[in-house]
Amino acid sequence: MNKNLRKAVIAGNWKMNKTPAEAKELIRAIAPLVKDAGCDVVACTPFVDLQAALEAAAGTNIEIGAENCHWEKSGAFTGEISAEMLVSMGIKYVIIGHSERRQYFGETDETVQKRTRAALDAGMTVILCVGEYLEQREQGITSELVALQTKVALGGVSKEELKNIIIAYEPVWAIGTGKTATADQANEVCKLIRDVVAELYGKESADAMTVQYGGSMNAANADELLSKPDVDGGLIGGASLKAEDFAAIVKAASK
Ligand code: PEP
């Protein structure tokens, strides 16, 4: 597998943090630090921050993404936001299936598939999250579980559409816990995801697919994680809220 065949993507997941004014401030602080990045840089923000983030990112190399979208275009879905709505305001990226959505908001592999379908239909790039709980790792079922999540989410996705999908391997036990998967553990599962993609779409598509690692990636461990052959970037939670830390990870991915 050749890492040069694909572009590294570093995406921040701001979760439920920052007001619009703070979002503007953070994007303005990040922009000069990542202007020469050798990778794609994305900041996924709460819905209410998207407009402010877009304005602050105008003319920079930072793309703005959302943290979720609904599978219907419009309708009686109180509290939800559709992919069409996001696209209409200029949003190109969306995170789907984050473990916090699965854990706290009843997201299932099936709803992840539906949301992925809707985002692709709207022309968005999806950052699709998969990953196991600690008990599942301890039971030795990480591979089966991650393969299943990947296969269900990609159900109905064509080879052409796959170009608009980034898969983020996020072991749930490493998210927001300060516990990072070792670089070898991260690489092993990222490779497994690539093998699943190869099985479904062929080697060429798998080689071209960006597979990120996410889970307490920070300025100190990014170099080692990103040096692994199957780790093509990162989905960054906590460290994406500090301009210097996020920029250091972008720098590590640009090497
Ligand atoms: C995430 O929210 O996707 C994430 C990886 O969080 P953290 O970096 O804080 O573990």
Donor-acceptor pair, side chain of [X] and main chain of [Y], under 3.5 angstrom:
{"X": "Arg6", "Y": "Asp207", "answer": "yes"}
{"X": "Asp232", "Y": "Tyr213", "answer": "no"}
{"X": "Arg101", "Y": "Ile96", "answer": "no"}
{"X": "Gln113", "Y": "Ala153", "answer": "no"}

Between [X] and [Y], what is the shortest heavy-atom contact and its length?
{"X": "Ala147", "Y": "Val196", "result": "CB-CG2, 3.8 Å"}
{"X": "Ala83", "Y": "Ala119", "result": "CB-CA, 3.9 Å"}
{"X": "Tyr93", "Y": "Asp40", "result": "OH-OD2, 4.2 Å"}
{"X": "Asp230", "Y": "Asn187", "result": "N-OD1, 2.7 Å"}
{"X": "Met217", "Y": "Ala239", "result": "O-CB, 3.6 Å"}

Between [X] and [Y] (salt bridge meaning N to carboxylate O under 4.0 Å), is one present in this structure?
{"X": "Asp184", "Y": "Lys228", "value": "yes"}
{"X": "Glu199", "Y": "Lys151", "value": "yes"}
{"X": "Glu161", "Y": "Arg117", "value": "yes"}
{"X": "Glu80", "Y": "Arg115", "value": "yes"}

Inset, instruction - Examine the side chains of Asn13 and His98 and answer whether a donor and an acceptor come within less than 3.5 Å of each other. - result: yes
Inset, instruction - Assess the side chains of Gln103 and Ser99: does a donor N or O sit below 3.5 Å from an acceptor N or O? - result: no
Close side-chain approach of [X] and [Y], heavy atoms under 4.5 Å:
{"X": "Cys129", "Y": "Ile95", "result": "yes"}
{"X": "Met124", "Y": "Ile91", "result": "yes"}
{"X": "Val130", "Y": "Glu170", "result": "no"}
{"X": "Leu235", "Y": "Tyr169", "result": "no"}
{"X": "Leu154", "Y": "Leu200", "result": "yes"}

Inset, instruction - Check step by step if side-chain hydrogen bond (donor to acceptor under 3.5 Å, both in side chains) holds for Trp173 and Glu132. - result: CA-CA 8 Å; Trp173 48 272; Glu132 81 286 3; 2.9 Å; yes
Contacts table for residues 43-58: side-chain donor-acceptor under 3.5 angstrom, sequence neighbours left out:
from: Gln51; atom 1: NE2; to: Glu55; atom 2: OE2; distance (Å): 3.1
from: Glu55; atom 1: OE1; to: Lys24; atom 2: NZ; distance (Å): 3.1

Is [Y] reachable from [X] through a run of hydrophobic residues whose side-chain heavy atoms are each under 4.5 Å from the next?
{"X": "Leu86", "Y": "Ile64", "answer": "yes"}
{"X": "Leu225", "Y": "Ile10", "answer": "yes"}
{"X": "Val152", "Y": "Val146", "answer": "no"}
{"X": "Ile193", "Y": "Met209", "answer": "yes"}
{"X": "Val157", "Y": "Trp71", "answer": "no"}

Tell me whether [X] at atom [atom1] has more than 12 heavy atoms from other residues, nucleotides or ligands lying less than 6.0 Å away.
{"X": "Glu84", "atom1": "CD", "value": "yes"}
{"X": "Glu204", "atom1": "CD", "value": "no"}
{"X": "Glu224", "atom1": "CD", "value": "no"}

Inset, instruction - Let me know which of Thr125, Val126, Leu162 forms a side-chain contact (heavy atoms from CB on, under 4.5 Å) with Leu120. - result: Val126
Inset, instruction - Sorted by first residue and then second, give each side-chain hydrogen bond (donor to acceptor under 3.5 Å, both in side chains) pair with at least one member in residues 240-255; sequence neighbours left out. - result: Asp223-Lys255
Legend entry - ring-ring contact (aromatic ring centres under 6.0 Å, His included) against Phe77, all qualifying residues, sequence neighbours excluded: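 By the ring-ring contact (aromatic ring centres under 6.0 Å, His included) rule, Phe77 matches His70.
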Legend entry - Inter-residue atom distance Arg28.CZ - Leu26.CG, 0.5 Å rounding: 11.5 Å
Legend entry - Inter-residue atom distance Met16.CE - Glu100.CD, 0.5 Å rounding: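 Answer for the CE-CD pair, Met16 versus Glu100, is 10.5 Å.
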